[in-house]
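Here's the structure we're looking at; comments come further down.
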Amino acid sequence: MNNKFEEDLKYCHEKRDPKENLETTPPSDEKIKIPCIWAFEVFPPEYIENFHKSIEKLGWVEEKLEGLDYFQETLHNMRHQNYAGGWINLGYIVDESTKNIMPGVRRGKLPKEVKQINASIFQPIPSTTILICQFIFQDELACNIEKILRKEYKTYLQENKKSVSFIGSENQKRNAIKLELEFLNSICSNWLKENFNGLYSSTFINENHPVCNLITLEKNLPFEKNDDTNHYNSYLSILNLNNEYDGWIDKEQNGLYLSISSNRDSVRKNLLLSYNEQSNQILEDENIKFYGNNKASATLNSLTHSLDNTLGTWVLHVLLNSYSYKINDLRDLYGKSNKKSLKQSISTLSELDYEVLQAQKNIIPFISEMKHFCKDNSSFMHNIKEFIALENRIDNLRELFKNIKSSIKFQIELLEQNQKMLKETSTAVREVNGLLVSDKIAETNIKLQKSIKWMTIVILILTCITTFYSLPDDKRENITSYFQNLLKR
């Protein structure tokens, strides 16, 4: 390391790092937790049988839980009605090692970091079943995010091929928080992959399960500006809870905040819910006793299932984007088909045709049903908690799910057009390749005919020679004399 770098690094350690560590660290009386994460799996027509197989494998079919026995029949009926939606409570799931559990609770093999899972089904349209799992974390893991925010970091040098980068304490803390969040997300996502082989567990959609993180604070409010949070790199900034242009609050102004991750580097679609445990009005004071021993636990418990329609409708929007990406990806793959390599082209097109068939089995009913779903505002907004933008002007109130509905209506029309164009493209490409195959076969037939002509002549000559030498000597002499006389003329 040269002297210049040593001087700069020393300056960072003595001046910049202490300042950044102080600004990005929560005040001593702040408590930050991630008590739970919602993770989602989707079962369109091609994957619904996997759901029932998963239920059997988990042993839920044999379990007799009061009020929860016939959920498979209920789901079957929902999927076979015209446009009726619905919701099914699948119950609480605790680890199989848990003793003295309450009646009506399921057992299963849970990750050691998870205290329990609250499971349900959201069925907004007949062809699409959304499994919603709320993962409640063990207390130590829920508080781990605060430990990361309070940790002090020192700038270090990172040598690149042609340069050297200074990795500051703030960037290290941001990256540590991202890693922690994805670690928590992956706990939920991996459990879904191991137990429910749905669309987002498959290779058909090359995306991870969508999730919704919940962050709770004890002192400050999300997106609040005060002495603790006013600087651009405060701990709320590290948590992406500082920019009011990205934030939404529940329409009733009860203190439940929402933001949608816009991070392009994120490996999954992500919602972020947040609130202050003490100052929120999500529950009325007289109702706290029905949900928990204190306001913090009662508020968290009250969110179980009460947000299912809200979160499930967001997942529908995510699914629509996933389908659109898949259709566009298939379009480009057809564009890459190489007519110069006929054998490779035929093989590739066979694989693409199969993928198109897979896509159509799921997407065509989705398009038709979503069109109807979006026409009926009461169906779309049923049991949805609406959120309004924090930076709203009085004369221009922006509502999140109203905007999502408008976006879905536009994107559904676009998806339908792209799906039709893909079908036309696949048919056209197949016809062109069919003509190429026909031309290749005709060319091969002509070559074969020419080869057969000369082979016939050769065989005829060989037959004559063989016949000649099989004759008696006197016959061969007569024939030889005949041809000699013939040549003399």
Side-chain angles (χ1 to χ4, degrees), residues 12-13 16-26 30-40 110-115 117 133-160 164-194 200-201 206-217 222 229 231-243 246-247 257-274 318:
C12 290
H13 290 165
R16 194 173 75 175
D17 288 349
K19 180 176 181 294
E20 287 188 354
N21 279 314
L22 180 63
E23 290 176 343
T24 56
T25 299
E30 178 68 282
K31 302 296 180 186
I32 305 167
K33 290 185 290 187
I34 300 185
C36 72
I37 286 177
W38 288 266
F40 311 91
L110 301 190
K112 65 180 186 298
E113 301 91 348
V114 175
K115 189 184 302 183
I117 298 173
C133 291
Q134 182 191 21
F135 292 76
I136 309 294
F137 293 120
Q138 303 287 357
D139 293 341
E140 183 178 355
L141 185 65
C143 297
N144 202 42
I145 193 167
E146 183 182 337
K147 295 177 184 177
I148 295 173
L149 287 168
R150 294 193 183 282
K151 183 179 177 181
E152 292 192 350
Y153 295 84
K154 291 180 66 175
T155 300
Y156 66 89
L157 292 180
Q158 179 177 284
E159 294 188 9
N160 307 314
V164 174
S165 301
F166 284 78
I167 309 301
S169 56
E170 179 193 343
N171 284 337
Q172 290 180 58
K173 190 171 286 191
R174 287 185 185 276
N175 289 333
I177 291 296
K178 287 179 183 177
L179 287 173
E180 176 67 13
L181 287 173
E182 184 49 36
F183 168 68
L184 297 176
N185 291 336
S186 64
I187 290 173
C188 310
S189 183
N190 289 339
W191 188 85
L192 284 175
K193 284 183 180 179
E194 290 169 6
Y200 283 99
S201 299
N206 192 24
E207 298 177 25
N208 289 303
H209 295 85
V211 297
C212 175
N213 304 142
L214 174 65
I215 295 179
T216 63
L217 309 173
T229 63
H231 35 278
Y232 76 96
N233 60 346
S234 71
Y235 72 98
L236 289 185
S237 172
I238 303 293
L239 296 172
N240 292 319
L241 294 175
N242 69 316
N243 188 351
D246 295 331
Y257 296 84
L258 180 148
S259 59
I260 302 175
S261 174
S262 57
N263 184 5
R264 293 183 179 181
D265 298 328
S266 178
V267 298
R268 65 182 78 244
K269 296 295 188 297
N270 189 292
L271 269 186
L272 177 59
L273 288 172
S274 57
V318 173

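No hydrogens, no waters, no symmetry mates; every other heavy atom, side chains included, goes into these values.
A distance of 11.0 Å separates CG in Leu192 from CG in Asn208, rounded to the nearest 0.5 Å. Atom CG in Leu273 sits 11.5 Å away from atom CD1 in Ile37 (nearest 0.5 Å). Distance check, rounded to the nearest 0.5 Å: OG of Ser234 to CG of Leu22 gives 12.0 Å. Distance check, rounded to the nearest 0.5 Å: OG of Ser169 to CG of Asp17 gives 4.0 Å. From Ser274, atom OG reaches atom CG of Leu217 across 6.5 Å, with rounding to the nearest 0.5 Å. Here Ser237 contributes atom OG and Ile177 contributes atom CD1; the two are 11.5 Å apart, rounded to the nearest 0.5 Å.
Side-chain contact between Ile187 and Leu141 is present, with heavy atoms from C-beta onward closer than 4.5 Å. Contact check for Phe40 versus Cys212: side-chain heavy atoms found under the 4.5 Å cut-off. No side-chain heavy atom of Leu272 sits less than 4.5 Å from a side-chain heavy atom of Leu239. Between Lys173 and Thr25, some side-chain heavy-atom pair lies under the 4.5 Å cut-off. The closest side-chain heavy-atom distance from Asn144 to Phe183 is not below 4.5 Å. Considering only heavy atoms from C-beta on, Asn240 stays 4.5 Å or farther from Ser261 through its side chain. Looking at heavy atoms from C-beta onward, Arg268 lies in side-chain contact with Glu182 at the 4.5 angstrom threshold. Proximity of Ser201 to His209: side-chain heavy atoms (C-beta onward) are separated by under 4.5 Å at one or more points.
At distances below 3.5 Å, not a single donor-acceptor pair connects side-chain atoms of Asn171 with backbone N or O atoms of Ile167.
Applying the side chain to side chain donor-acceptor pair (under 3.5 Å) test to Arg150 and every residue at least two apart in sequence or in another chain returns Glu146. In this structure, Lys151 has no salt bridge (charged side-chain N to carboxylate O under 4.0 Å, His left out) partners at least two apart in sequence or on a different chain.
The pair Lys115-Asp139 meets the salt-bridge criterion, with a side-chain N (NZ, NE, NH1 or NH2) lying under 4.0 Å from an Asp/Glu carboxylate O. Between Arg174 and Glu170, at least one side-chain nitrogen of the basic residue sits less than 4.0 Å from a carboxylate oxygen of the acidic one, meeting the salt-bridge criterion.
Phe135 and Trp191 have perpendicular rings, their planes meeting at more than 60° on a 0 to 90° scale where under 30° would count as parallel.
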Side chain to side chain contact (heavy atoms under 4.5 Å, CB included), that's the test. Do Val318 and Tyr200 meet it? Break it down for me. CA-CA 11 Å; Val318 173; Tyr200 283 99; 3.7 Å; yes
Walk me through whether Asn21 and Glu152 qualify under side-chain hydrogen bond (donor to acceptor under 3.5 Å, both in side chains). CA-CA 6 Å; Asn21 279 314; Glu152 292 192 350; 4.8 Å; no
Show your reasoning for whether side chain to side chain contact (heavy atoms under 4.5 Å, CB included) applies to Trp38 and Val211. CA-CA 6 Å; Trp38 288 266; Val211 297; over 6 Å; no
Applying side chain to side chain contact (heavy atoms under 4.5 Å, CB included) to Asn270 and Asn185, what does each step give before you reach the verdict? CA-CA 10 Å; Asn270 189 292; Asn185 291 336; 3.7 Å; yes
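Screening Ile238, Leu184, Ile32, Asn213 against Ile145 for a side-chain contact (heavy atoms from CB on, under 4.5 Å) leaves a single residue, Ile32.
Other residues, nucleotides and ligands contribute over 12 non-hydrogen atoms within 6.0 Å of the CG atom of Asn175. More than 12 non-hydrogen atoms from other residues, nucleotides or ligands lie less than 6.0 angstrom from CD of Gln158.
The two residues Thr24 and Tyr235 have their closest heavy-atom pair at O-CB, 3.3 Å. Nearest heavy atoms, Cys188 versus Phe137: SG-CZ, 3.9 Å.
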